[in-house]
Amino acid sequence: MCNDFVKGDRIIDNPGFVSAQYYPKYNEIEIGISDLGKGIVDTMASEAEYLVLPRKDILLKAFESNATRHKKIMPTRGNGLAKLKSFVLASNGIIRCRTNEFTITFSNEYPLGIINEATPVIGTHFEIKIGCEINIDTKPIFNAEADDYEDSYDIVEDFFNWGGFYENNSNERF
């Protein structure tokens with residue numbers, strides 16, 4: 001079954017982006033992952049087992065353990081988003097995903113997720129924030145000192161300043 005999968009069969013037409021920032025003042029890590037593909041809901045909605053589900057339920061399903069995705073391309077069980085969600089919640093963090101016509105948020109306040117409808121976007125965009133219990137020594141990781149990082153959230157240069165996560169263009173943190 002898995003032997004039929006060939007990495008060369010996956011063609012990536014649209015670019016992706018990754019951003020990471022450590023905020024020493026808040027002792028917090030912010031990670032952004034973004035792509036310009038079909039989006040989670042549109043991708044899963046074309047699979048037979050999801051044809052009967054409402055689009056919101058398809059998005060929730062993507063974050064469940066053993067949710068199958070891309071069976072023809074990659075015949076494995078889809079656990080990546082479920083593991084990411086579990087890790088972020090265990091770290092007292094927050095994960096927001098903007099895909100197709102929805103934004104979904106998971107946090108300790110919303111462990112089952114809360115979905116809001118939004119203006120449709122191309123691709124999928126994740127914002128992940130994780131609090132750190134102790135200051136991070138970034139020198140061996142990024143060859144940078146803590147002073148090299150921003151002390152506050154700068155809405156002008158923020159990776160997520162595309163209207164998805166900061167309502168009314170405020171600089172509000174989670």
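All of these numbers come straight from a predicted model, not from anything done at the bench.
For the atom pair Lys38 NZ and Ile122 CD1, the distance stands at 13.5 Å (nearest 0.5 Å). Once rounded to the nearest 0.5 Å, the distance linking OG of Ser46 with CG of Leu51 reads 8.0 Å. Here the NZ-CD1 distance, from Lys61 to Ile40, works out to 14.5 Å after rounding to the nearest 0.5 Å. Taking SG from Cys97 and CZ from Phe63, the interatomic distance works out to 4.5 Å, rounded to the nearest 0.5 Å. Separation of atoms NZ (Lys129) and CD1 (Ile31) is listed at 12.0 Å; rounding is to 0.5 Å. Rounding to the nearest 0.5 Å places CG of Leu89 at 13.5 Å from OH of Tyr110.
Within the 4.5 Å cutoff, the side chain of Thr43 has no heavy atoms near those of the Thr124 side chain. Annotation: side chain of Ile114 is not in contact with side chain of Phe106 (no heavy-atom distance under 4.5 Å).
In this structure, Ala82 and Ser65 approach most closely via the heavy-atom pair CB-N, 3.6 Å. Heavy-atom minimum distance, Val88 versus Ile95: CG1-N, 4.0 Å. Considering every non-hydrogen atom in both Tyr50 and Ile58, the closest pair reads O-CD1, 3.7 Å. Heavy atoms only, all atoms of each residue included: Ile115 and Phe102 are closest at CG2-CD2, 3.6 Å. In plain terms, the two heavy atoms of Val52 and Glu49 that are nearest each other are CG2-O, 4.4 Å. Among all heavy-atom pairs drawn from Thr103 and Arg98, the shortest one is OG1-CD, 2.9 Å.
When each of Leu53, Leu112, Ile104 is checked for a side-chain contact (heavy atoms from CB on, under 4.5 Å) with Leu60, only Ile104 meets the rule.
Not one N or O on the side chain of Asp35 forms a donor-acceptor pair closer than 3.5 Å with the backbone of Gly123. No donor-acceptor pair closer than 3.5 Å links the side chain of Asn108 to the backbone N or O of Ser91.
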- Please walk me through it: do Ile128 and Leu84 pass side chain to side chain contact (heavy atoms under 4.5 Å, CB included)? CA-CA 9 Å; Ile128 304 160; Leu84 174 65; 3.9 Å; yes
- Please assess Tyr22 against Asn27 for the test side chain to side chain contact (heavy atoms under 4.5 Å, CB included), listing each intermediate value before the final yes or no. CA-CA 7 Å; Tyr22 172 52; Asn27 214 22; 2.6 Å; yes
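In summary, Glu117 and Lys56 engage in a salt bridge, as defined by a charged side-chain N under 4.0 Å from a carboxylate O.
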